[in-house]
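Along the sequence shown, residues carry numbers from 1. Atoms considered below: every heavy atom in the structure, side chains included; atoms not considered: hydrogens, waters and symmetry mates.
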Amino acid sequence: QVPLVESGGGLVQAGGSLRLSCAASGRTFSSYTMGWFRQAPGKERLFVAAINWGGGSTDYADSVKGRFTISRDNAKNTVYLQMNSLKPEDTAVYYCAASQLYGIRSKSEYDYWGQGTQVTVSS
């Protein structure tokens, strides 16, 4: 089990920034790929970004590439998503998730999920 708790969501104007955090429990955090997904109302949950266990490899959806940065601190059992130049279309509930695989964007390959944090970007 890898319990995950997201924080850092909120309301921001277009062009602004937010940093999401996801804190994990357990001693196996550093062995997992960590990902961020998002789900807008009435839409499916979509891949945003992922980082491998050591932090040396990252993957981004085209829609956020160049604006979002994923990072992790294994000493703190925490993964981050820095979101810059936010757009109204970034509005969604953001979820962090853990997987034993890397390079897979399918949510079905992620084993553990947080409860989500709301991000709202006003125009």
Side-chain angles (χ1 to χ4, degrees):
Q1 292 288 329
V2 184
L4 303 171
V5 179
E6 302 97 335
S7 61
L11 174 64
V12 64
Q13 288 188 329
S17 299
L18 282 175
R19 188 176 83 154
L20 306 183
S21 299
C22 174
S25 308
R27 293 176 290 178
T28 60
F29 171 80
S30 61
S31 66
Y32 284 86
T33 287
M34 297 301 298
W36 286 96
F37 288 75
R38 66 186 182 186
Q39 188 168 16
K43 297 189 176 181
E44 65 176 317
R45 192 172 299 187
L46 298 176
F47 172 81
V48 174
I51 187 166
N52 76 329
W53 67 273
S57 294
T58 56
D59 184 26
Y60 296 94
D62 288 345
S63 59
V64 306
K65 199 172 295 184
R67 300 188 298 123
F68 291 10
T69 303
I70 189 171
S71 61
R72 67 189 297 162
D73 185 340
N74 286 342
K76 296 182 178 180
N77 279 11
T78 302
V79 62
Y80 305 96
L81 186 68
Q82 177 67 43
M83 306 186 295
N84 299 329
S85 302
L86 283 161
K87 305 175 181 179
E89 51 264 43
D90 294 318
T91 295
V93 177
Y94 283 71
Y95 298 88
C96 72
S99 174
Q100 297 186 8
L101 303 174
Y102 179 73
I104 305 296
R105 297 183 173 189
S106 172
K107 58 183 179 291
S108 64
E109 299 295 344
Y110 282 77
D111 305 302
Y112 304 106
W113 293 83
Q115 82 289 349
T117 186
Q118 177 70 48
V119 171
T120 303
V121 185
S122 63
S123 57

Check: Trp36 and Glu6 side chains under 4.5 Å, non-hydrogen atoms = yes
ask   = Taking C-beta and beyond as the side chain, do Val64 and Arg38 meet within less than 4.5 Å on heavy atoms?
value = yes
Within one Ile-Leu-Val-Met-Phe-Trp-Tyr cluster: Tyr94 and Val121, side-chain cutoff 4.5 Å = yes
task = Taking the six-membered ring for Trp and the single ring otherwise, decide whether the centroids of Tyr95 and Tyr110 are under 6.0 Å apart.
result = no
query = For Trp113, does the CH2 atom have more than 12 heavy-atom neighbours from other residues, nucleotides or ligands under 6.0 Å away?
reply = yes
message = Looking at every non-hydrogen atom in both residues, tell me the closest pair between Ala98 and Leu4 and how far apart they are.
response = N-CD1, 4.0 Å
request  = Side-chain contact test, heavy atoms from C-beta onward, threshold under 4.5 Å: evaluate it for Ile70 versus Val79 and give yes or no.
outcome  = yes
query = When you look at Val119 and Met83, which way does the side chain to side chain contact (heavy atoms under 4.5 Å, CB included) test go after all the steps?
reply = CA-CA 10 Å; Val119 171; Met83 306 186 295; 3.8 Å; yes
inquiry  = I need the minimum non-hydrogen distance between Ala61 and Arg105, along with the two atoms involved.
reply    = CA-NH1, 4.2 Å
ask   = Taking the six-membered ring of Phe29 as reference, does the NZ or CZ atom of Arg72 fall below 6.0 Å from its centre and within a 45° cone about the axis?
value = yes
remark   = Note: Met34 and Cys22 closest approach over all heavy atoms is CE-SG, 4.4 Å
ask   = Can you check whether Ile51 reaches Tyr102 side chain to side chain, under 4.5 Å on heavy atoms?
value = no
OG-CG distance between Ser71 and Leu81, expressed to the nearest 0.5 angstrom = 8.5 Å
query = How far does CD of Gln82 sit from CZ of Arg67, to the nearest 0.5 angstrom?
reply = 12.0 Å
query = Are any of the side-chain nitrogens in Asp62 or Lys65 under 4.0 Å away from the carboxylate oxygens of its partner?
reply = yes
request  = State the OH-CG distance between Tyr80 and Leu20, to the nearest 0.5 angstrom.
outcome  = 12.0 Å
ask   = Which heavy atom of Leu86 sits nearest a heavy atom of Leu18, and at what distance?
value = CD1-N, 3.9 Å
query = If you look at every heavy atom in Tyr60 and Thr69, which pair is closest and at what distance?
reply = OH-CA, 3.3 Å
note = For Ala40 and Thr91, the nearest pair of non-hydrogen atoms, with its separation, is CB-O, 3.8 Å
request  = Classify the ring geometry between Tyr32 and Tyr112 as parallel (under 30°), tilted (30 to 60°) or perpendicular (over 60°).
outcome  = perpendicular
